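Here is the structure we will look at.
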Amino acid sequence: MVEPAVDLTHGHAHDDHADHGPQGWLKYLWSTDHKVIAMQYMFTGMFMALIGGFMAYVFRMQLAFPGMPVPGFGIVSPGEYNALVTNHGTIMIFWVAMPVLLAAFGNFLIPLMIGADDMVFPKINRLSFQVFFVSTIVILASLVVEGGGFAGAWTAYPPLSADSTYNLTPLGSTLWVIGVGLEFVAFLLGGINFITTLMNSRAPGMRAFDIPIVVWMIVVASILFMMSVGPLLAGAIMLIFDQTIGTGFYNPATGGDPILWQHLFWFFGHPEVYVVLLPAMGVVIEIITTFARKKLFAYRTVIFTIVATGVLSFFVWAHHQFIAGIDPRMANIFTITTLLISVPIAELCFIYIATLYGGSITLSTPMLWGLAFVAEFLIGGVTGIFLGAAGADIYFHDTYFVLAHFHYTFFPIAIIGTFAAFTYWFPKMFGKMMDERLGKWHFWLTIIPFNMIFIPLFVLGMGGQHRRIYNYTHFPELAIDIFQDMRIVATVSLLIMLAAQFIFFYNCWKSWRSKEKAPRNPWKANSLEWTTESPPPHGNWHPDRMPVVYRGPYEYNVPGREDDYWPQNEPK
Amino acid sequence: MNRFFDFFEFSWFEPLIEVGSSYAEQIDGLILTVLIIVGVWFLAAEYVFLHFILKFRAKPGRRGEYIDGKNKRHKRWITIPHLCVLVFDILIILVSFRVWHDIKMDLPEDPDAVVRVIGQQWAWTFQHPGADGELDSPDDIFTVDELHVENNKTYHFELQATDVLHSFSVPVWRIKQDAIPGRTITGWFEPTRTGEFDVQCAEICGFGHGVMAARVMVEDAETHAAWVAANTPVAAASAPAGATPASQ
Amino acid sequence: MRPIATTRAATGTATGKLAVWWVLASEVVIFGGLLASYVMFRLGHPEWADAAAVTNTWIGAFNTWVLLTSSLTAVLAHQAAERGDGKQAAKYLYCTIFGALVFLGVKTYEWWYEISHGYTITSNGFWAFYYTAAGLHAFHVIAGAVIMAFVARDAAKGRELHRVELIGIYWHFVDIVWIFLFPLLYIAK
Ligand code: HEA
Ligand code: HEA
Ligand code: CUA
Ligand SMILES: [Cu+2]
């Protein structure tokens with residue numbers, strides 16, 4: 001090891017820029033340390049994942065056993081069903097996928113991986129979490145106010161979302177928009193930090209192509225987010241005005257246009273899916289290279305593909321609106337761009353596969369999650385092609401085929417990718433090793449049920465089952481036994497999957513309690529975060545021994561070297 | 001070249017859902033085309049992926065190789081597939097264009113009849129032209145949640161909404177179109193199978209979205225004529241144009 | 001000693017300046033989305049010109065002049081700060097804040113006049129955009145003025161002089177947004 005083991009807790013690193021703020025547990029609430037903020041995001045995200053998962057449990061139970069009281073919830077009324085689906089989608093995307101992948105891992109990894117002691121604006125970073133925290137409270141409050149939570153789908157199309165005589169949730173819908181808007185502000189604040197930190201605060205010697213891909217990905221995702229969310233923020237202001245003071249931006253009766261919202265929403269909405277995709281992709285690259293002991297195949301091409309994806313992603317939005325009444329000629333253009341975006345993403349997938357070639361692969365728990373991400377995401381990706389072909393989307397739009405498509409992308413991202421990242425960096429974050437055996441049980445008991453949930457839903461979608469319908473017994477073609485059996489299979493699989501999460505939490509608890517400390521670099525990886533202690537001290541490294549970078553992060557099995565890895569900070 | 005894809009035009013997932021309109025098989029054919037193209041790619045990718053995982057497991061004494069993917073010889077392995085994907089994309093785009101064109105852009109001229117479909121929270125109102133074949137004439141037949149059409153006839157539909165967005169979807173016809181308040185959207189269909197089929201509302205429209213179900217009755221010429229005769233409003237002959245909707 | 005990350009500058013540009021540019025980038029798309037929506041609607045609704053005819057171009061022009069002048073004093077403040085003359089910089093900043101206050105005062109009068117004549121935000125589509133866009137802009141003027149007050153206070157004591165430039169960049173942006181709003185809302189009749 002390059003870095004001599006020094007006891008940093010008494011070094012002057014601590015006092016230099018320790019917060020002279022409150023002490024005790026309040027310290028954590030007001031900390032500006034990027035690692036503490038990362039944990040705050042992570043645990044909020046984890047908590048929200050449980051809520052989103054619980055919602056999925058309730059409405060899936062209702063679909064499998066319509067009309068029966070759901071244990072832990074009761075009878076699900078049509079309005080409640082819609083509210084559950086709406087907020088499940090909203091929470092899973094904006095309060096789970098983004099905070100965990102982007103904010104938690106972004107905050108944790110960026111300074112550590114580029115060899116800095118913190119973000120460049122620690123206070124803005126803290127403000128970002130505080131705004132996010134308020135938004136969390138707002139969205140949770142929106143569920144319990146009078147009239148119930150917003151029930152107009154996560155896409156919130158007006159006029160339904162704009163007028164409480166239509167949606168019947170006067171408070172819930174406004175709080176929903178405010179909550180989501182605040183969340184956007186939080187991520188704008190965070191994003192500025194990520195981007196400027198990467199641009200300016202890299203360790204000496206770290207050139208653009210020495211940056212670990214996951215950092216690139218998170219920062220490109222932040223830029224994508226920043227460039228796409230603006231119009232929607234403007235749209236959200238208009239929506240709130242429509243809801244509360246009665247303007248008519250989206251009301252055709254007063255010269256407004258409901259389709260405007262769809263354009264603003266999807267102009268953001270499509271880049272947004274890549275905003276969450278890219279960090280997960282990056283995480284997987286770190287894991288695959290580490291556990292295959294392989295150099296990343298074509299580093300620069302990876303950067304080009306994500307830039308290409310990012311640019312293209314601004315020109316595909318109307319593929320969500322093929323049949324929403326837009327000019328049919330426009331659909332042609334968007335079919336072209338949508339299909340073209342498969343090219344850079346396919347290339348990325350091929351790069352994963354090529355990276356495995358000639359490796360020396362260890363199937364540890366993080367590696368299993370990482371590989372599963374690729375295998376499952378491919379399903380989600382190729383089913384997007386069906387939808388991108390406008391002719392086929394006439395049939396598939398808003399069926400469960402779409403639903404299964406995006407769960408096959410989102411689940412790999414938000415759940416599989418998160419578990420990959422979590423298990424991989426757990427030693428660094430908490431200074432303990434996780435139990436591999438429990439980890440593998442958890443892995444298989446999550447992956448198999450996952451497929452068992454959503455493959456039947458693909459079939460149901462092909463059978464013409466539409467989304468957001470609380471009870472299919474009203475539709476004779478959908479009420480047949482075989483379809484109902486598939487719904488039950490999906491729900492039972494979900495129950496199994498949810499139960500399996502206890503293994504995960506038990507594993508966390510057990511590892512947390514264990515006395516054995518994690519070494520600095522348990523996986524023998526190259527990037528800088530592994531050169532400091534686990535968990536890293538305040539300031540990450542001793543201020544006099546900040547790392548200096550000599551090479552890229554993927555130098556595994558370099559010919560002529562004895563070790564099969566070559567840390568970035570090791571001089572020649 | 002497009003003719004080539006006619007070959008795929010058959011209803012290969014009929015066990016899941018029937019085929020009931022003139023263009024349903026075109027859509028099914030497009031889906032099959034895409035399925036085959038991306039299916040092959042998908043299986044190939046998964047196969048190579050799993051194969052590498054199994055083949056390159058860590059073994060004592062064997063080191064990983066050092067391949068940076070920078071030189072052309074190695075890069076070929078991703079650039080060639082990548083170009084192929086582009087070619088197949090273009091193929092899919094062409095087939096999709098044709099289907100889209102036929103269904104959503106080319107409105108057949110001189111339809112046999114025009115029906116009006118009006119979505120509101122949470123029911124469908126259908127306005128049939130009645131015996132004279134003209135909409136907005138006194139003998140129009142208004143129904144709620146029940147559309148009656150004649151088999152093998154070309155229809156235009158005029159889609160409207162009175163409050164929020166709805167979406168008119170008849171899965172057996174593979175048809176779907178959003179209804180937007182303040183606009184009238186015209187489309188077409190030609191039923192080819194008699195029977196009774198589901199209409200779903202495919203755009204969330206509030207608490208009752210899940211119960212906004214309707215049925216289409218596709219009838220042969222005789223049955224349809226009989227239905228029209230039986231349901232023509234009594235006052236039709238005497239009432240002025242734009243008569244009140246008759247309940248049936 | 002300052003924290004390490006904050007003092008590095010791998011790009012050669014100070015981090016604060018980079019950050020301001022990124023903030024502006026994210027603001028550009030917010031206003032861009034709003035104005036693009038407005039332009040699309042305006043093209044589809046020629047009758048909005050009647051409503052636009054009510055707005056007072058002269059007041060708008062006066063406010064444009066006020067903002068431009070305040071941008072000028074922001075530039076002068078920056079120059080003073082470059083010279084290290086914090087006191088002078090603060091004075092110019094106070095001038096800029098004064099400009100902001102005049103702008104807001106005129107705006108208040110204008111809105112009061114229009115509202116009292118029955119042209120409220122719910123009157124029609126034009127007025128909805130008028131109040132929303134100008135209101136969002138006014139909100140930025142207020143926020144800018146408040147931040148500027150803090151910067152000026154520090155600058156007067158000779159501290160954080162580099163922030164004078166940063167708030168100046170932001171102020172030019174607020175100015176430029178108005179340069180777009182003015183013709184779209186007032187001149188196009
Ligand atoms: C992170 C999430 C994510 C990701 C990554 C994607 C990726 C893609 N999505 Fe998806 N999508 C969603 C999330 C996502 N989507 C969501 C949430 C919705 C619904 C929103 C709602 O209505 O509520 C949706 C809906 C949606 C629609 C609208 C459907 C409808 O409502 O009618 C369409 C249509 O074009 C589409 C297309 C695509 C395409 C082409 C990709 C591409 O990026 C995929 C590219 C990847 C591959 C193609 C796989 C790898 C390539 C190969 C193995 C090579 C072989 C391929 C070819 C030969 C082409 N998506
Ligand atoms: C990231 C996005 C995401 C994720 C992960 C999920 C997860 C799940 N979704 Fe969701 N879903 C959406 C996004 C997502 N969904 C969206 C956008 C919609 C559309 C909403 C709309 O129509 O408006 C939707 C709608 C939707 C429907 C459609 C309802 C309808 O239209 O009527 C259904 C139906 O089955 C469903 C099911 C499920 C199930 C069973 C899961 C399960 O996979 C859930 C299982 C959850 C867990 C197992 C939690 C485990 C996590 C942890 C334990 C935390 C770990 C955290 C750390 C380590 C930090 N979802
Ligand atoms: Cu009407 Cu849903
Ligand atoms: Cu999309």
Side-chain angles (χ1 to χ4, degrees), chain A residues 78-79 152-153 157 159-160 166-168 252 258 293-295 297-298 323-325 328 331-332 335-336 339 342-343 346-347 350-351 353-354 356-362 375 378 382 385-386 389-392 394-395 397-398 462-464 466 468-471 474-475 477 556-559 564, chain B residues 13 16-17 27 30-31 34 38 42 45-46 48-49 52-53 56-58 62-69 75 77-78 81-82 85-86 89 92-93 96-97 99-100 103-105 121 163-165 169 171 174 176-178 180-183 185 198 200 202 204-211 213:
Chain A
Y157 285 179
L160 181 63
Y166 296 145
N167 61 40
L168 305 175
R293 317 305 296 161
K294 263 297 298 290
K295 187 174 171 70
F297 191 90
I323 59 145
N332 286 339
T335 296
I336 298 178
L339 281 167
S342 69
V343 174
E347 182 139 3
F350 297 145
I351 285 174
I353 299 173
L356 291 178
Y357 178 87
S360 170
I361 297 171
T362 315
L378 279 175
V382 294
I385 302 301
F386 292 77
I394 300 173
Y395 181 54
H397 175 70
D398 263 352
M462 296 217 66
H466 282 294
R468 301 156 180 159
I469 288 178
Y470 81 108
N471 184 342
H474 300 293
F475 299 90
E477 277 158 33
Y556 293 103
N557 276 312
V558 178
D564 69 351
Chain B
F13 57 98
L16 290 175
I17 182 146
I27 292 190
L30 171 60
I31 295 173
V34 181
V38 302
F42 169 72
E46 295 276 1
V48 178
F49 182 65
F52 283 179
I53 295 174
F56 296 107
R57 293 288 286 278
R62 195 181 65 80
R63 282 184 66 150
E65 293 173 42
Y66 185 81
I67 305 168
D68 60 9
K75 221 170 182 167
W77 287 101
I78 55 170
H82 153 195
V85 169
L86 189 65
D89 274 347
I92 295 174
I93 289 173
S96 170
F97 269 14
V99 176
W100 177 258
I103 299 174
K104 291 282 182 191
M105 292 176 75
Q121 284 183 327
D163 37 35
V164 299
L165 304 180
S169 168
R174 311 287 189 269
K176 194 173 298 151
Q177 179 61 55
D178 280 10
I180 301 162
R183 295 194 200 179
I185 296 174
D198 275 349
Q200 300 185 38
I204 192 156
C205 52
F207 284 2
H209 166 69
V211 293

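Keep in mind the model is a prediction, meaning the values are calculated, not measured. Reminder, nothing fancy here: chain letters follow the sequence lines and each chain counts from 1.
- Here the closest non-hydrogen pair linking A/A390 and A/T335 is CB-OG1, 3.3 Å.
- Contacts with chain B were tallied for A/N167, A/I351, A/T362, A/I469; A/I469 has the most, counting heavy-atom pairs under 4.5 Å.
- Side-chain contact between B/I17 and B/R174 is present, with heavy atoms from C-beta onward closer than 4.5 Å.
- Only the side chain of A/Y157 comes within contact range of chain B, with at least one heavy atom under 4.5 Å from a heavy atom of that chain.
- Of the two parts of A/N471, only the backbone, made up of N, CA, C and O, holds a non-hydrogen atom closer than 4.5 Å to a non-hydrogen atom of chain B.
- Counting heavy-atom pairs closer than 4.5 Å to chain B, the top-ranked of the candidates A/S342, A/A346, A/A354 is A/S342.
- Only the side chain of B/I103 comes within less than 4.5 Å of a heavy atom in chain A; its backbone stays farther off.
- The greatest number of non-hydrogen atom pairs below 4.5 Å with chain A, out of B/V99, B/D163, B/V211, B/I92, is found for B/D163.
- Checking A/N557 against A/R293 by side-chain atom types alone, no donor-acceptor pair falls below 3.5 Å.
- Taking 4.5 Å as the limit, some side-chain heavy atom of B/I53 sits within range of a side-chain heavy atom of A/L356.
- By number of non-hydrogen pairs under 4.5 angstrom with chain B, the leading residue of A/H466, A/R468, A/H474 is A/H466.
- Contact annotation: the side chain of B/W100 approaches that of A/I394 to within less than 4.5 Å [non-hydrogen atoms, C-beta and beyond].
- Both the backbone and the side chain of B/I93 come within contact range of chain A, judged by heavy atoms closer than 4.5 Å.
- In terms of heavy-atom pairs under 4.5 angstrom with chain B, the leader among A/Y357, A/Y470, A/Y556 is A/Y357.
- Nearest heavy atoms, B/G210 versus A/F475: O-CE1, 3.5 Å.
- At a 4.5 Å heavy-atom cutoff, the contact between B/F13 and chain A is made by side-chain atoms alone.
- Residue contact with chain A, scored on non-hydrogen atoms closer than 4.5 Å, involves the side chain of B/I185 exclusively.
- At least one side-chain heavy atom of B/Q200 sits less than 4.5 Å from a side-chain heavy atom of B/P171.
- Proximity to chain B is limited to the side chain of A/P258, based on heavy atoms less than 4.5 angstrom apart.
- Of all non-hydrogen atoms in B/E46 and A/A375, the two that sit nearest each other are OE2-O, 2.6 Å.
- Of the listed residues (B/V48, B/I78, B/V38), the greatest number of heavy-atom pairs within a distance under 4.5 Å of chain A belongs to B/I78.
- Only the side chain of B/L30 comes within contact range of chain A, with at least one heavy atom under 4.5 Å from a heavy atom of that chain.
- Counting heavy atoms from C-beta outward, A/I323 and A/Y395 have side chains that stay 4.5 Å or more apart.
- Counting non-hydrogen atoms of neighbouring residues, nucleotides and ligands closer than 6.0 angstrom, the OH atom of A/Y166 exceeds 12 such neighbours.
- With a 4.5 Å cut-off on side-chain heavy atoms, B/H82 and A/V343 count as touching.
- Contact tally against chain B (heavy-atom pairs below 4.5 Å) for A/P252, A/G152, A/P328, A/G464: the top residue is A/P328.
- With a 4.5 Å cut-off on non-hydrogen atoms, B/Q121 touches chain A through its side chain but not through its backbone.
- The candidate with the highest count of non-hydrogen atom pairs below 4.5 Å against chain B, out of A/A392, A/A389, A/G359, is A/G359.
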